[in-house]
Amino acid sequence: NAGVTQTPKFQVLKTGQSMTLQCAQDMNHEYMSWYRQDPGMGLRLIHYSVGAGITDQGEVPNGYNVSRSTTEDFPLRLLSAAPSQTSVYFCASSTKGGGQETQYFGPGTRLLVL
Amino acid sequence: GQQVMQIPQYQHVQEGEDFTTYCNSSTTLSNIQWYKQRPGGHPVFLIQLVKSGEVKKQKRLTFQFGEAKKNSSLHITATQTTDVGTYFCAGRSSGYSTLTFGKGTMLLVSP
C-alpha cells in the first residue's frame with residue numbers, strides 16, 4: 001500500500017491564482033481530512049469528510065473548497081490564492097468507528113503564495 | 001470551541017536527559033492521541049489513550065491520561081538524538097468529533 005499520497009510536493013502561486021492540491025489513499029479509509037501547518041500554530045483542520053459525498057468545514061475553511069466523489073480521493077481547491085495561504089498542507093485519512101481512529105498523514109504539500 | 005494547550009513550546013536537552021511535554025484541554029476528552037513529526041516530515045501516530053488515569057509505555061516513552069480526562073503527558077527517559085522532532089497531542093471531545101491538535105513541543109537533543 002502507498003498509504004496517503006499528496007501532489008504536488010511544492011508549489012509557488014501568484015496572488016489570485018487558483019489550484020488544486022491532490023490527496024489519495026489506498027487503505028479504503030472513510031475519513032479524510034485536510035490540515036494546514038504554520039510555524040507555532042500546530043495543525044489546524046480546514047475541511048474533512050466522513051465518506052464519499054459528505055464534507056464538512058473545520059476550524060479554518062475560508063478560501064478553500066473540497067469535494068469527495070470517491071472514497072480514495074479528497075482534493076483541496078484554493079479558489080483565489082492569498083499570501084496568508086502560504087503554508088504546509090497535510091492530508092490525512094483514518095478508519096471510521098468509535099471515535100478512536102488513528103490518522104495517517106500524507107507527506108505534505110509546501111505552498112508559497114507570492 | 002475546544003482548545004488544547006501544550007507546553008513547553010520548545011525544549012533543548014543533552015542526550016541522556018529526560019523530557020516531558022504536557023497537554024491540557026479546555027473540555028473533557030473522550031480520547032487523546034500523540035504524534036511525532038520529524039523535521040521536514042509529516043506527523044506520525046504514536047499512541048492513543050482512552051481511559052481515565054491510563055498509562056502506556058513504548059520503550060523509553062511513557063504516556064499518561066489524567067483522571068479527569070482533561071490532561072495528558074508524554075515523558076521520554078534518557079533522550080537520544082533520534083528523539084528530535086515535534087511532539088503533538090490531539091484530543092477528541094466526543095466519540096465522533098474531529099481531532100483538535102495542540103501547537104506541539106519541539107524537542108532538540110544535543111549529543
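So you know, we letter chains A, B, ... as the sequences are listed, proteins then strands, and number each from 1.
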Testing the basics here: between G41(B) and F90(A), what is the closest heavy-atom pair and its distance to 0.1 Å? O-CZ, 3.6 Å

For a quick test of reading the model, state the closest non-hydrogen atom pair linking Q33(B) to Q103(A) and the distance between them. OE1-N, 4.4 Å

Structural part of R44(A) lying under 4.5 Å from a heavy atom of chain B: neither

Check whether Y35(B) gets within reach of chain A through its side chain, its backbone, both or neither, counting any heavy atom under 4.5 Å. side chain

Hydrophobic cluster membership, L61(B) vs F88(B), 4.5 Å side-chain cutoff: no

Could you grab the distance from atom OG1 of T102(A) to atom CG of L99(B), nearest 0.5 Å is fine? 9.5 Å

If you tally heavy-atom pairs under 4.5 Å between each of G58(A), A92(A), G40(A) and chain B, the highest tally belongs to G40(A)

Under a 4.5 Å cut-off applied to non-hydrogen side-chain atoms, are S33(A) and T98(B) in contact? no

One should read off an interatomic distance between H42(B) NE2 and L43(A) CG, to the nearest 0.5 angstrom, of 12.0 Å

With a 4.5 angstrom heavy-atom cut-off, which part of Y35(A) approaches chain B: side chain, backbone, both or neither? side chain

If Ile, Leu, Val, Met, Phe, Trp and Tyr residues are connected whenever their side-chain heavy atoms lie under 4.5 Å apart, and connections chain through other members, are Y48(A) and Y64(A) in the same group? no

Using side chain to side chain contact (heavy atoms under 4.5 Å, CB included), reason through F101(B) and Q37(A) one step at a time and then give a plain yes or no. CA-CA 11 Å; F101(B) 280 79; Q37(A) 184 174 35; over 6 Å; no

Under 4.5 Å from any heavy atom of chain A - which part of Q6(B): neither

Are F105(A) and F45(B), when compared by the centres of their aromatic rings, separated by less than 6.0 Å? no

Should Y31(A) and V4(A) be regarded as members of a common hydrophobic cluster, given that ILVMFWY residues are connected when their side-chain heavy atoms come within less than 4.5 Å of each other, either directly or indirectly? no

Below 4.5 Å from any heavy atom of chain B, which atoms of L45(A) appear? Answer side chain, backbone, both or neither. side chain

